[in-house]
Amino acid sequence: AASCTVMLQALSDRGHITAARDVYDSITDKNVVVGTAMITAYSQAGMPTHAQEVFDSMEEKNVLTWSSLMSAYAQARQMPQAENLFQHMPERNLVSWSTMISGFAENGDLENARCCFDSMPEHTQAAWNAMAAAYTFCGHLEDAKETFDDMPDRDQISYTAMVQSYAQNGNIGEGISLVYAMPHRDAKTWNALMAALAQKGHLDRARRVFDAMPESNGVSWSAIVSCYAQTGRGESGVWMFAAMAAEGFPADQVACLSGLVAQTHIGRVPQCCAFFRSMQQDFGVAPLAEHFLCVVDLLGKAGHLERAEELVETMPYVPH
RNA sequence: AAAGUGCGAACA
């Protein structure tokens with residue numbers, strides 16, 4: 001069951017939720033860990049009902065299992081169900097409280113988010129960070145800053161989230177100052193800064209951050225591809241996408257979407273279609289509706305209306 | 001091997 005958990009997660013990360021479920025169903029010696037992993041996979045796919053069904057079928061459950069299902073409802077913006085679980089779970093821990101803070105915030109309910117924060121028995125670093133992020137999410141940037149200032153300690157997440165908060169506020173200067181004022185900068189910090197610069201239209205400065213960052217990860221590459229794709233620099237985007245793979249960072253659904261958008265800007269139908277096939281065959285990435293629509297868009301613009309319609313019909317999604 | 005907080009999205 002342990003190796004199946006790993007496989008299940010790998011499939012889920014690439015968006016293959018059905019395949020992940022097939023793996024789960026094939027396991028004869030299911031345990032609480034793999035069951036919880038399946039619930040998490042459904043949570044990430046935005047399928048709380050399926051998560052519930054797995055939960056109900058499990059014989060053994062622990063606090064992680066309950067938390068995981070709660071998170072599935074919270075992320076799907078079904079707070080009444082999440083609250084109900086929270087109230088009835090046999091064991092509640094500090095992670096559960098943090099989940100509720102974020103869940104309420106993502107539903108625009110700052111009062112309940114704050115109430116959870118104030119009610120929890122102890123303020124972990126994650127709880128502080130969740131509360132600050134709650135304010136940022138709801139556009140209360142002053143309160144986010146105040147929460148940040150009130151923190152007894154700060155970790156990488158606290159700082160990076162604050163950089164993002166400044167960026168969202170249009171206050172990129174403060175964000176840059178904070179990046180250089182914080183004790184340690186990691187890849188995620190640089191990524192946040194790069195994205196903030198790109199969003200402000202400073203593509204060249206974003207690229208310089210990318211080139212200079214001492215640590216990078218797959219998201220760094222994905223972000224730079226996105227920078228080019230968003231600004232219509234298709235060739236550069238496609239080039240960086242290829243470089244990402246060459247550097248050993250496998251593309252995920254987000255990176256592939258940016259790659260496809262870059263292809264759309266180039267406008268060559270055969271290359272775009274080849275990319276669409278390659279993302280599935282070479283990277284094992286399952287196309288989301290967004291990926292399909294991107295290709296459909298290009299086919300339509302290029303006058304291939306019939307092919308566009310055919311593709312829509314093969315989509316495993318309901319077209320709007 | 002499993003849960004919460006921060007960085008990358010294409011949609012009108």
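Proteins get letters first, then strands, A, B, ... in listed order; numbering begins at 1 in each. Note that the coordinates shown come from a computational prediction; the quantities given were computed from them, not determined experimentally.
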Item to check | Of the listed nucleotides B:G6, B:G4, B:A1, the one nearest the side chain of A:N31 | outcome: B:A1
Checklist entry - In whole Å, what is the span from the CD atom of A:Q164 to the P atom of B:C7? => result 5 Å
Next on the checklist: Check this for me: A:E142, atom CD, are more than 12 non-hydrogen atoms of other residues, nucleotides or ligands nearer than 6.0 Å?
Outcome noted: no
Checklist outcome for this item: A:M131 CE to B:U5 P, in whole Å, measures 14 Å
Checklist outcome for this item: Ranking B:G8, B:G4, B:C7 by distance to the side chain of A:S71, first place goes to B:G4
Checklist entry - A:A130 side chain: which of B:G6, B:G8, B:U5 is closest? => result B:U5
Next on the checklist: What contact category does A:T264 fall into here, base, sugar-phosphate, or nothing, at under 4.0 angstrom with non-hydrogen atoms?
Outcome noted: base
Checklist entry - Is the distance between the ring centroids of A:W239 and A:Y228 under 6.0 Å? => result no
Checklist entry - Taking the side chain of A:N93 as heavy atoms from C-beta outward, which of B:A3, B:C11, B:G8 is closest to it? => result B:A3
Item to check | Nucleotide of B:G8, B:G4, B:G6 approaching A:D186 most closely (side-chain heavy atoms) | outcome: B:G6
Checklist entry - Base, sugar-phosphate alone, or nothing: which one does A:Q253 contact when heavy atoms must sit under 4.0 Å apart? => result nothing
Checklist outcome for this item: Considering only heavy side-chain atoms of A:N129, the closest of B:G6, B:G8, B:U5 is B:U5
Checklist entry - So what does A:T124 touch, heavy atoms closer than 4.0 Å: a base, only the sugar-phosphate, or nothing? => result base
Item to check | Atom-to-atom span, CG of A:D13 to C1' of B:A2 - whole angstrom | outcome: 13 Å
Item to check | Any N/O donor-acceptor pair, A:S226 side-chain to B:G8 base, under 3.5 Å | outcome: no
Next on the checklist: Side chain of A:A126, heavy atoms from C-beta onward: which of B:C11, B:C7, B:G4 has the nearest atom to it?
Outcome noted: B:G4
Next on the checklist: Of the options B:A2, B:G4, B:C7, whose atoms approach the side-chain atoms of A:V95 most closely?
Outcome noted: B:G4
Checklist outcome for this item: Separation of B:G6 atom C1' from A:F148 atom CZ, nearest Å, is 12 Å
Checklist entry - NA contact type, A:A255, heavy-atom cut-off 4.0 Å: base, sugar-phosphate, or nothing? => result base
Checklist entry - When the ring centroid of A:F117 is compared with that of A:W97, is the distance short of 6.0 Å? => result no
Next on the checklist: Using whole Å, what does the distance between atom P of nucleotide B:G6 and atom NZ of A:K145 come to?
Outcome noted: 19 Å
Checklist outcome for this item: From the candidates B:A9, B:A2, B:C7, the one with an atom nearest any side-chain atom of A:T5 is B:A2
Item to check | Atom-pair distance (CG on A:L64; P on B:G4), nearest Å | outcome: 9 Å
Checklist entry - Among side-chain atoms of A:Q125 and A:S158, is any donor-acceptor pair under 3.5 angstrom? => result yes
Checklist entry - Taking atom types as they are modelled, is there a donor-acceptor pair under 3.5 Å from the base of B:G4 to the side chain of A:T99? => result no
Checklist entry - Looking at B:A1, B:A9, B:C7, which one has an atom nearest to any side-chain atom of A:N191? => result B:C7
Checklist entry - Whole-Å distance between B:G6 P and A:E215 CD? => result 20 Å
Next on the checklist: Is it the case that the ring center of A:F241 lies less than 6.0 angstrom away from the ring center of A:F275?
Outcome noted: yes
Checklist entry - Is the distance between the ring centroids of A:F210 and A:W190 under 6.0 Å? => result no
Checklist outcome for this item: Between CG of A:D252 and C1' of B:A9 the distance, given in whole Å, is 10 Å
Checklist entry - Counting any heavy atom closer than 4.0 Å, what does A:A192 reach on the DNA or RNA strands: base, sugar-phosphate only, or nothing? => result sugar-phosphate
Item to check | Base of B:A3 paired with side chain of A:N62 (donor-acceptor, under 3.5 Å) | outcome: no
